[in-house]
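Notes to accompany the following structure.
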Amino acid sequence: MNALSVIFIAFAYIAFSVFIFGVLAKIWKYATTPAPLKIPLTPAPTTASGVVYRMLQEVGLFKSLFYSNKIIWLGGYLMHLALAVVLIKHFRFFFNAVPAAITYITTFELYIGFIFLAALLFLFFMRLIVDRTFFVSIMSDFLILALLIAIAITGIITKYYVRTDIIGVKSFIMGLVNFRPEAMPGDAVFITHFTLVMLLLIYFPFSKLIHAGGIFFSPTRNQIDNPREVRHETAWAAKG
Ligand code: HEM
């Protein structure tokens, strides 16, 4: 195996470890942070099943964003939807037996990479153009979008313009998954795509991308609005 493959195999394992342990550490922190006050954003559900329904609407439809800004909702929703399809299409690299439904999806040419890229560019320029959004944006907001844009562009080039050795990609990824590393396809565009994805994995737990898990721990969204019906006492107060 050549030196380049060895370096990238080590890089991939480091990136995945940082991602997994970083996300778990963040979730642990969110789960153990006291939430001593009842602060659900009203109108809020008064039952546990209502909270589940509210969360499903937030996660599945971005309901709050829809009511606050329809244009950004459209861009954001499209971007997340396209990302989900792109990731589902990538499953074939990670599993030997891919479920029939997923194989079926991949038989359609959805130009999903282009939709993903267009939505990202839209969100990037909205941040620049709309005064209020620009005012609350920090460098990392642009950095994450730029990183995703670069991943999308290199993915699109790999798929449509400078084909990589797909069989080679599959055995490289399966080798990583099964802890029996194999050589990496050596073309520049795939190497760039892969490197950017590894950087994304490393950055994920420390960036706002962690909202993917963090949203479930948001007290304004996950609390039941029952302060008048039920005595609310935190564990530490109950002990004292
Ligand atoms: C280790 C992880 C990854 C590997 C090995 C990988 C590899 C590839 C390969 C080989 C292609 C070309 C597909 C084809 O020819 O059918 C591709 C396309 C693409 N990749 Fe990735 N990728 C990875 C992760 C990601 C991630 C995390 C994203 C998004 C954040 C992404 C976004 C894209 C996009 C947008 C395309 C364009 C193709 C399309 O329209 O389906 N990739 N990737």
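We count ligands from 1, going down the list as the structure has it; atoms in each ligand are counted the same way. These numbers were taken from a predicted model, which means no experiment stands behind them.
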By number and element, which atoms of ligand 1 are closer than 4.0 Å to a non-hydrogen atom of [X]?
X	result
Phe116	35 (C)
Arg163	14 (C), 15 (O)
Phe194	1 (C)
Phe94	1 (C), 2 (C)
Arg92	13 (C), 14 (C), 16 (O)

Note the single closest protein heavy atom to [atom], along with its residue, its atom name and the distance in Å.
atom	result
atom 39 (C) of ligand 1	Lys159 CD, 3.7 Å
atom 7 (C) of ligand 1	His193 CD2, 3.6 Å
atom 37 (C) of ligand 1	Gly155 C, 3.5 Å

Side chain, backbone, both or neither: [X] near ligand 1, heavy atoms under 4.0 Å:
X	result
Phe172	neither
Lys89	side chain
Phe93	side chain

Determine whether more than 12 heavy atoms belonging to other residues, nucleotides or ligands lie under 6.0 Å from atom CG of Leu128.
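More than 12 within 6.0 Å, yes.
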Give a yes or no on whether Phe21 atom CZ has more than 12 heavy-atom contacts from other residues, nucleotides or ligands under 6.0 Å away.
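Atom CZ in Phe21 is not crowded, with 12 or fewer foreign heavy atoms closer than 6.0 Å.
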What do you reckon, does [X] have a nitrogen or oxygen under 3.5 Å from a nitrogen or oxygen of ligand 1?
X	result
His90	yes
Thr158	no
Gly113	yes

Verify same cluster id: Tyr203, Leu87 (apolar side-chain graph, 4.5 Å):
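Cluster IDs for Tyr203 and Leu87 match.
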Please report the C-alpha distance between Ile9 and Phe172 in whole Å, then the side-chain angles of each, then the deciding distance to 0.1 Å, and finally whether the side chain to side chain contact (heavy atoms under 4.5 Å, CB included) criterion is met.
CA-CA 9 Å; Ile9 288 162; Phe172 172 61; 3.9 Å; yes
Donor-acceptor check, side chain of [X] to backbone of [Y], threshold 3.5 angstrom: yes or no?
X	Y	result
His193	Val189	no
Tyr77	Gly60	yes
Ser5	Met184	yes

Taking atom OG of Ser171 and atom CG of Leu176, what is their separation to the nearest 0.5 Å?
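Going from OG on Ser171 over to CG on Leu176, the span is 10.5 Å.
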Side chains of Met198 and Ile14: does their closest heavy-atom pair fall under 4.5 Å?
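When only atoms from C-beta onward are counted, Ile14 and Met198 do not touch, as no gap falls below 4.5 Å.
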Phe122 vs Leu78 side-chain heavy atoms within contact, under 4.5 Å
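No. Closest side-chain heavy atoms not under 4.5 Å.
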Check for me whether Tyr111 has a heavy atom closer than 4.0 Å to any atom of ligand 1.
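Distance cut 4.0 Å: Tyr111 fails for ligand 1.
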Counting only heavy atoms, tell me which of Ile151, Val86, Leu87, Leu83 gets closest to atom 27 (C) of ligand 1.
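Among Ile151, Val86, Leu87, Leu83, the closest heavy atom to atom 27 (C) of ligand 1 belongs to Leu87.
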Out of Ile173, Val197, Ile166, Val85, who is nearest to atom 5 (C) of ligand 1 when you count heavy atoms only?
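Of the listed residues, Ile173 has the closest heavy atom.
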Which label fits Phe19 and Phe204: parallel for a plane angle under 30°, tilted from 30 to 60°, or perpendicular past 60°?
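Perpendicular, since the angle between the ring planes exceeds 60°.
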